[in-house]
Structure formats: structure tokens, C-alpha cells
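Only one structure is covered here, and it is reproduced in the block below.
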2 protein chains.
Amino acid sequence: MNSKEIAKIAGVSRSTVSRVINNYPNVPPDTREKVLKVIKEYNYVPHASARMLRGKTSKTIGLVIVDIKKDSEIHRIYDNVYFGPFTTAVVDFANRIGYNVLITTVFKVKDYKKVKEIFYNKTISGAIFVGVRNSDPEIKSLIEEGFKIAIVDQEIKEEDEVFNKSIIVNMDNLNGSYEATKYLINLGHKEIAHITGDLDKLSGFARLEGYKKALKEADITYDAHYIVKGNFVEESGYNAIHKLFKKVKPTAIFAANDQMAIGAMQALQELEYAVPEDVSIIGFDDITISRYVKPSLTTMSVSLLQMAELCVENLVKSIEGESSIVAKFLVSAKLIERDSCKKIID
Amino acid sequence: MNSKEIAKIAGVSRSTVSRVINNYPNVPPDTREKVLKVIKEYNYVPHASARMLRGKTSKTIGLVIVDIKKDSEIHRIYDNVYFGPFTTAVVDFANRIGYNVLITTVFKVKDYKKVKEIFYNKTISGAIFVGVRNSDPEIKSLIEEGFKIAIVDQEIKEEDEVFNKSIIVNMDNLNGSYEATKYLINLGHKEIAHITGDLDKLSGFARLEGYKKALKEADITYDAHYIVKGNFVEESGYNAIHKLFKKVKPTAIFAANDQMAIGAMQALQELEYAVPEDVSIIGFDDITISRYVKPSLTTMSVSLLQMAELCVENLVKSIEGESSIVAKFLVSAKLIERDSCKKIID
DNA sequence: CTGAAAGCGCTTACAG
DNA sequence: CTGAAAGCGCTTACAG
């Protein structure tokens with residue numbers, strides 16, 4: 001079924017069918033009705049490719065999930081607890097405003113080839129990227145070529161001026177981490193360790209900064225012995241504890257995300273430290289699991305829905321040229337008090 | 001940049017450019033090289049819509065996530081722990097064989113309109129459906145219209161002959177539930193309750209059947225008082241326990257999925273029943289959370305990767321007409337013993 | 001208010 | 001081995 005056939009059946013020309021579909025004003029009501037009736041009867045929907053070829057935009061955005069890890073860790077992507085809810089929210093918001101979402105994964109640098117292809121072949125009119133490291137050259141080159149891009153969790157450095165042509169949506173990592181650390185300090189803790197995330201991602205770097213800021217404000221000397229590097233996955237939190245407790249014995253821990261906090265709790269249990277009686281621990285992200293671990297995990301919550309909405313809305317605005325708004329958004333984090341932290345009395 | 005320009009620069013005709021791109025054999029090596037060089041230099045990728053219009057398939061499949069619930073529950077979709085890993089796996093397998101994945105959510109029956117549209121307008125050449133209830137008329141009509149469809153978790157009833165034209169990928173719910181229940185029986189339990197899932201979904205219905213089958217085999221009388229209806233979400237597991245323990249006092253519980261098992265564990269704790277000391281509990285699905293709850297949850301694990309692979313591979317085969325294979329696949333479930341079940345000694 | 005015609009970028013018989 | 005031409009299904013100036 002195509003517009004020619006519809007035209008014949010309705011007794012008009014293809015031009016008129018097209019005018020009806022595209023809501024041209026200069027079609028008399030009864031002609032419109034007549035055509036609409038035939039369209040409905042035959043379930044006719046114009047061929048998307050033909051429309052595009054004629055200049056309409058694809059009404060499709062890409063959602064690119066980047067998760068580049070060492071080979072040994074590759075399997076972990078499948079149970080990433082963070083991308084799922086974000087993805088669903090992106091799809092939902094996009095669909096609501098008439099856009100489709102094409103989802104692509106990038107596990108290795110060379111997978112960016114797939115992404116470029118769907119940009120070059122006009123399948124997508126723009127894309128949202130999650131999980132990219134700071135200053136990623138692949139993303140930069142895409143932006144330079146003029147493609148519309150929104151990025152979650154990206155630092156804008158002075159030398160990366162090119163990012164000013166994209167939409168950046170970040171969590172307020174700095175203040176969130178500051179609040180998390182301050183919360184521990186207010187509970188009376190002074191020996192507070194930090195398990196970092198990937199330091200080449202904004203969320204890793206900025207959360208370390210927030211931790212430092214809170215210590216400084218409370219006149220607690222920053223001590224590198226209390227810092228262990230992690231990479232946002234459970235195992236790294238688990239390993240961090242074993243490494244950490246060989247050197248020092250903190251009374252509280254701020255883990256850069258919940259997954260590492262949960263791994264850390266397992267290790268603490270093995271070492272026979274009770275949480276929160278012996279050691280308090282706070283995470284970041286408020287993933288679904290955190291409510292269900294024992295003790296339930298105190299953490300900083302950021303609205304993924306809000307982040308998804310900001311990405312989709314602004315990307316689409318930019319695609320449709322309503323405005324060339326390219327902006328940086330900061331979504332705040334909020335403390336969720338649960339059972340993994342305890343006041344110190346001395 | 002289009003094929004005409006590439007042709008001009010390379011000093012050939014558009015026909016030749018097209019032949020190079022489509023790997024026609026009748027292009028001499030040096031001509032091919034010459035053209036390829038220009039293509040590379042200009043990052044030229046043929047316009048996907050133009051190719052489609054000329055008859056190539058879209059190389060895009062849909063992934064339709066159906067989650068129709070009452071309004072009051074709508075927010076829950078965002079943290080569905082099940083679709084995330086499956087989605088990533090589908091995307092990964094599809095991308096590997098050169099297919100894109102368009103993802104769409106269906107929260108209300110009328111959202112199926114979106115799905116039909118992308119079929120009718122040729123954006124997708126086929127689709128994988130998850131979360132649909134048994135015998136869903138919307139899906140049936142799509143299959144009847146000749147669209148290529150794979151469905152996860154769907155019962156094939158005699159009267160639904162139309163499903164024989166689609167690809168069905170199911171977990172082995174019956175045997176899995178049978179094994180789960182039998183495991184409890186072997187541990188010495190005789191008073192075993194069951195929290196059901198949505199009974200209008202295959203996974204809900206068939207898991208109840210497996211439970212019954214195991215009881216029967218062990219000569220334990222089936223008693224409806226030990227059955228509570230749930231709907232696969234945590235709250236329903238939680239509520240089920242409160243309802244259940246007003247009537248009976250089972251020593252073991254088989255929950256139709258892990259989420260309900262986890263909700264149930266919370267309720268048991270409130271009622272001051274220790275797990276597994278007072279009550280044993282087993283779930284189904286082995287979601288990520290289950291490793292981290294305390295006590296860790298014994299459950300039946302099904303490979304979502306394998307299910308994703310079966311869906312993608314067979315759907316693509318069917319689209320490309322390699323074979324008109326339309327088959328039913330059954331992916332087996334395997335017991336994961338953890339800490340939530342205990343042997344009864346008497 | 002409406003139709004005939006051009007053209008979006010590609011592929012593929014067709015002719016040579 | 002290669003180019004000119006037709007045509008996929010649509011939209012939109014253009015002419016009336």
C-alpha cells in the first residue's frame with residue numbers, strides 16, 4: 001500500500017494524499033475526510049525512508065552505551081544496574097515526543113565505527129552518550145563534524161572547547177560527594193576513607209574532589225593512605241577494603257558508587273567488621289539493590305529520570321533547530337539515609 | 001556527500017560506485033581501489049533511506065518492552081531489573097551481525113499504535129517482544145499481517161495457531177519450578193507455600209504448574225491455602241507473606257520470581273521469622289540483587305544471554321528468508337544454591 | 001483548491 | 001567491464 005494506491009481509491013492525486021497526511025491547510029474538510037477514511041481503512045502509514053529522502057528528518061535518536069573495559073571484565077556489562085533504568089526513561093521520553101530510539105553498545109574503541117555509520121548514513125539525527133570517559137577523541141570528532149550530541153557525565157575542560165557545541169548533563173558529583181562526606185563527619189567520624197571510581201571519568205574525579213572539599217572544611221587533614229582506587233564495579237570495592245585495612249583502620253568509608261560500597265560491605269564482613277557498628281559506609285547513585293542489602297545502604301540519590309528528560313528534550317530541541325541551545329545541566333544529589341552509617345560517640 | 005560526488009571525484013559513474021559498495025564481482029581491482037580510496041577519504045556512507053527505498057531491508061529490528069500495569073504501579077518500570085541485561089544482550093548480538101535495534105516501550109494498550117507504525121512505515125523489519133501477556137490480540141494481529149516476530153515467554157495454546165508463524169523463546173518454567181519445589185521437598189519441607197506471578201503470563205502460570213507437579217510427585221496434597229497470588233513485583237511478595245501467615249505457617253516458600261522473594265523476606269523479617277532458620281525461601285530468575293540480599297537468595301537461574309541470542313539469530317534468519325524457521329525454544333533453568341534455604345531435621 | 005512533474009540518493013536490469 | 005536510465009515512495013514548488 002502506497003500513496004499512489006490510496007490516491008486512486010480516494011479518487012484524488014498523490015499530492016492531495018500527501019497534503020492530508022502533512023496537515024496542509026488548503027484541503028477542504030470533506031476531501032480530507034474522504035482521504036483519511038481510506039488511509040485508516042488500509043492502515044496506510046507513509047514509508048519512512050521515502051519521507052526522509054524527501055527531506056524530513058529521521059525522527060530517530062541514538063542512545064550509545066559506552067562501556068569500555070579490559071577484556072577480563074567484559075562480561076560485567078550485562079548486569080549493569082545503572083543503564084537499564086536510564087535507557088527505559090530515555091525511550092519513554094523520546095517516544096512521547098514522537099522520536100524513536102536506536103540503541104547501540106560500544107565495548108571497544110573500534111565499536112565507535114558503528115556509531116559513526118548510523119550518523120553518516122542518516123539513520124539517526126542525534127545521539128545521547130553515556131559512559132564515555134572525559135575528553136574522548138571519538139566523541140569530539142563527531143561533535144566537530146556538526147552532529148547533535150548529548151553527553152551524560154562529562155567534564156568540560158578549557159582545552160575541550162568543542163564540547164560547548166554539545167549538550168552536557170551531569171550529576172552534581174562535587175556537591176553530592178561533599179554532602180556524603182560531610183554527613184559522615186557530622187556523625188563524628190574523622191578517619192574517613194574513600195574508594196574512588198574511574199578517575200578518568202567525571203563522576204570518578206569529581207567525587208574525589210567533593211570528598212576532599214568536605215575534609216578540608218572540617219579541618220581534617222587529607223591523607224592519601226585513606227584513598228583506594230576503584231573502577232565502579234563491585235569487585236573493585238571488595239578489593240579496595242582488603243587493601244585499605246592493611247594500612248589503616250578508618251571508622252567510615254565513602255565509596256564513589258553503590259556497587260563498590262556493596263562489594264566493600266562483603267569484604268568488611270569477611271574481615272569481621274560489623275556495618276555500621278564498627279565501620280560506617282555511604283555510597284552514591286541509589287541503585288535498586290541498595291535498599292535490599294543488609295544493612296540497607298545509605299547513599300546519595302540522583303534522579304535518572306530527570307537526567308534522561310534533560311538529554312532527550314534538549315537534544316530534540318537542538319535537532320529541530322528550535323534553538324541552538326547547547327547547555328550544561330547539573331542534576332542535584334540528595335541524601336538517602338538508611339542503615340549503613342552510625343554516629344560515633346566518644 | 002553522495003554517490004554522484006564520489007563518482008565524479010573518482011572519475012567513474014554512480015553505477016560503478018554502487019557496484020564497489022555492494023561488492024559486485026565485475027569491478028577490476030584497480031577501479032575498486034580507486035573508488036574505495038575516495039570513499040574512505042570523504043567518510044562516505046550510503047544514505048540508508050535511499051538504499052531501503054531501492055529495496056534493501058532496513059537492517060533494523062525492534063525490541064518492544066511491554067509492561068502494562070495499573071496506573072498506580074507505572075513508576076516501577078523504571079527499575080525493572082530484568083529487561084536491562086536482556087536489552088544489552090539483544091543489542092550486542094544484533095550489532096554483531098549488522099543489525100540495529102530500535103527500542104520501544106509499551107505501558108498501555110494504546111501504545112501498540114507506536115509499534116504498528118514502525119512496522120507499517122518500514123522502519124523495522126521484525127521485532128522481539130518481551131513482557132506480553134498470553135494470547136495478546138495486538139501481537140496476534142501483527143503476526144497475521146505477516147510481520148516477523150519473536151516473543152519471549154509466551155504460551156502456545158491450541159486456539160492460538162497464529163503463533164506458529166512466530167518465533168517463541170521460553171524459559172523452561174515448568175521444569176525449573178518443579179526443580180525448585182523439589183529442592184525444598186528434598187530438604188525435608190512438607191508445608192511449602194507458593195507466591196505466584198501474573199497468572200496470565202506463561203511464566204506465572206507455568207511456574208505454578210511446576211510447583212504442583214513436584215508436590216504431586218512427592219505425595220504432598222495440594223492445598224489452595226498455601227497459594228497466594230502475586231504479580232512479580234516486590235510489593236506483591238511482601239503483601240503475600242502478610243496474607244499467607246494469617247492462615248497458615250509454611251516452613252518453606254517458593255516465590256515465582258526473585259523480586260517477590262525479596263519482598264517476602266522483608267515481610268518475614270517484620271513478622272520475626274528468621275530466614276532460613278524458621279522459613280526457607282527460593283526464588284526464580286537469579287537477578288543481580290539476589291546475590292547481595294542477606295541471606296543471599298537461593299534461586300533458579302536462566303541464561304538471558306542465551307535467550308537474547310536465540311531471539312536475535314532466529315529473527316534475523318527469518319527476516320533474511322534464509323529459512324522460514326519458526327520454532328519454539330526452551331531455555332533451561334539451573335539451581336543456584338545460596339543461603340536462604342535450610343534442611344529440616346525432625 | 002488540486003494535479004503533473006521534479007527530485008531526494010540509491011541500485012540494478014539493460015545495452016553496449 | 002561500464003555508463004545511462006528507470007524507478008523505489010514520497011513531498012512540494014509550480015501552474016492553473
Side-chain angles (χ1 to χ4, degrees), chain A residues 1-39 42-60 98 100 117-125 320, chain B residues 1-39 42-60 98 100 117-125 320:
Chain A
M1 189 49 59
N2 57 31
S3 73
K4 203 171 163 184
E5 297 187 64
I6 296 291
K8 199 159 74 186
I9 297 164
V12 296
S13 71
R14 283 145 74 213
S15 316
T16 299
V17 172
S18 185
R19 284 189 192 102
V20 169
I21 285 166
N22 294 291
N23 278 312
Y24 277 50
N26 54 353
V27 181
D30 47 338
T31 308
R32 163 164 274 120
E33 283 314 311
K34 192 171 60 180
V35 174
L36 244 23
K37 194 168 152 258
V38 180
I39 288 176
Y42 289 87
N43 277 331
Y44 168 67
V45 179
H47 195 301
S49 293
R51 302 190 86 178
M52 265 195 74
L53 201 53
R54 208 39 244 277
K56 302 269 182 195
T57 81
S58 75
K59 288 271 189 184
T60 301
N100 289 317
E117 223 165 84
I118 54 175
F119 266 116
Y120 292 150
N121 75 14
K122 315 276 194 299
T123 299
I124 57 174
S125 322
E320 297 185 346
Chain B
M1 187 51 56
N2 57 29
S3 73
K4 201 172 165 184
E5 296 188 64
I6 295 291
K8 200 160 75 184
I9 296 165
V12 297
S13 72
R14 280 146 75 214
S15 317
T16 299
V17 172
S18 185
R19 284 190 193 102
V20 169
I21 284 166
N22 293 293
N23 277 312
Y24 276 50
N26 56 350
V27 181
D30 48 338
T31 308
R32 163 163 273 119
E33 283 313 312
K34 193 169 60 179
V35 174
L36 244 24
K37 195 169 152 255
V38 180
I39 287 175
Y42 289 87
N43 276 331
Y44 169 66
V45 178
H47 195 301
S49 294
R51 301 189 86 177
M52 266 194 72
L53 200 52
R54 208 38 244 281
K56 303 269 180 192
T57 81
S58 75
K59 290 269 188 185
T60 301
N100 289 316
E117 226 167 79
I118 54 175
F119 266 115
Y120 292 149
N121 75 15
K122 316 276 195 297
T123 299
I124 57 174
S125 324
E320 297 184 347

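Chain naming here is simple, since letters A, B, ... match the order of the sequence lines and numbering starts at 1 in each. Computed over heavy atoms, backbone and side chain alike; hydrogens, waters and symmetry mates excluded.
Across every non-hydrogen atom of B:Ser58 and B:Thr123, the tightest pair is OG-O, 3.2 Å. The minimum heavy-atom distance linking A:Ala10 with A:Lys34 is given by the pair O-CE, 3.5 Å. Shortest non-hydrogen contact noted between A:Tyr24 and A:Arg32 is O-NH2, 3.1 Å.
We find that CE of A:Met52 is positioned 15 Å from C1' of D:dC8, with the value rounded to whole Å. We find that CZ of B:Arg14 is positioned 12 Å from P of D:dG3, with the value rounded to whole Å. Across the protein-nucleic acid pair, B:Asn22 atom CG and C:dG9 atom P stand 18 Å apart, rounded to whole Å. One can place CZ of B:Arg51 at 11 Å from C1' of C:dG9, the figure rounded to the nearest angstrom. B:Lys8 has its NZ atom 17 Å from the C1' atom of D:dG3, to the nearest Å. Rounded to a whole Å, the CG atom of B:Asp30 is 13 Å from the C1' atom of D:dT2. One can place OH of A:Tyr24 at 5 Å from C1' of D:dT12, the figure rounded to the nearest angstrom. The distance from atom CG of A:Leu53 to atom P of D:dT12 is 13 Å, rounded to the nearest whole Å.
The base of D:dA4 is paired with the side chain of B:Ser15 by a donor and an acceptor separated by under 3.5 Å.
Residue A:Met52 holds its CE atom at 7.5 Å from OG1 of A:Thr57, rounded to the nearest 0.5 Å. Distance check, rounded to the nearest 0.5 Å: CZ of B:Arg19 to CG of B:Asn26 gives 6.0 Å. Separation of atoms OG (B:Ser18) and CD1 (B:Ile6) is listed at 12.5 Å; rounding is to 0.5 Å. Once rounded to the nearest 0.5 Å, the distance linking OG of A:Ser49 with CZ of B:Arg51 reads 12.0 Å.
Residue contacts shown for B:Ser49 are absent, as no nucleic acid heavy atom lies under 4.0 Å away. Within the 4.0 angstrom heavy-atom criterion, only backbone atoms of the sugar-phosphate kind lie near A:Asn2; the bases stay farther away.
Phosphate contact (OP1/OP2 of C:dC10, side-chain N/O of B:Tyr44, threshold under 4.0 Å): present. Residue B:Ser13 places no side-chain N or O under 4.0 Å from the OP1 or OP2 atom of D:dT2.
Of the two residues near DNA chain C, A:Val12 and B:His47, the one whose nearest nucleotide lies more 5' is A:Val12. Of the residues near DNA chain D, A:Lys4 and B:Thr16, the one whose nearest nucleotide (by heavy atom distance) lies more toward the 5' end is B:Thr16.
Across the P atoms, D:dC14 and D:dC10 are found 23 Å apart, a figure rounded to whole Å. Taking the C1' atom of each, D:dG16 and D:dT12 are spaced 16 Å apart, rounded to whole Å. Here the separation of D:dA13 from D:dG9, taken at their P atoms, is 23 Å to the nearest Å.
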Secondary structure of DNA chain C in dot-bracket form (Watson-Crick or G-U wobble, distances below 3.5 Å, | marking inter-strand pairs):
|||.||||||||.|||
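The side chain of A:Arg19 approaches C:dT2 more closely than any other nucleotide in the set C:dC8, C:dT2, D:dT2. Comparing atom distances between the A:Thr31 side chain and each of D:dG9, C:dT2, D:dA6 picks out C:dT2 as nearest.
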Report the C-alpha distance between B:Ile21 and B:Tyr44 in whole Å, list the side-chain angles of each, state the deciding distance to 0.1 Å, and finish with yes or no for side chain to side chain contact (heavy atoms under 4.5 Å, CB included).
CA-CA 10 Å; B:Ile21 284 166; B:Tyr44 169 66; 3.5 Å; yes
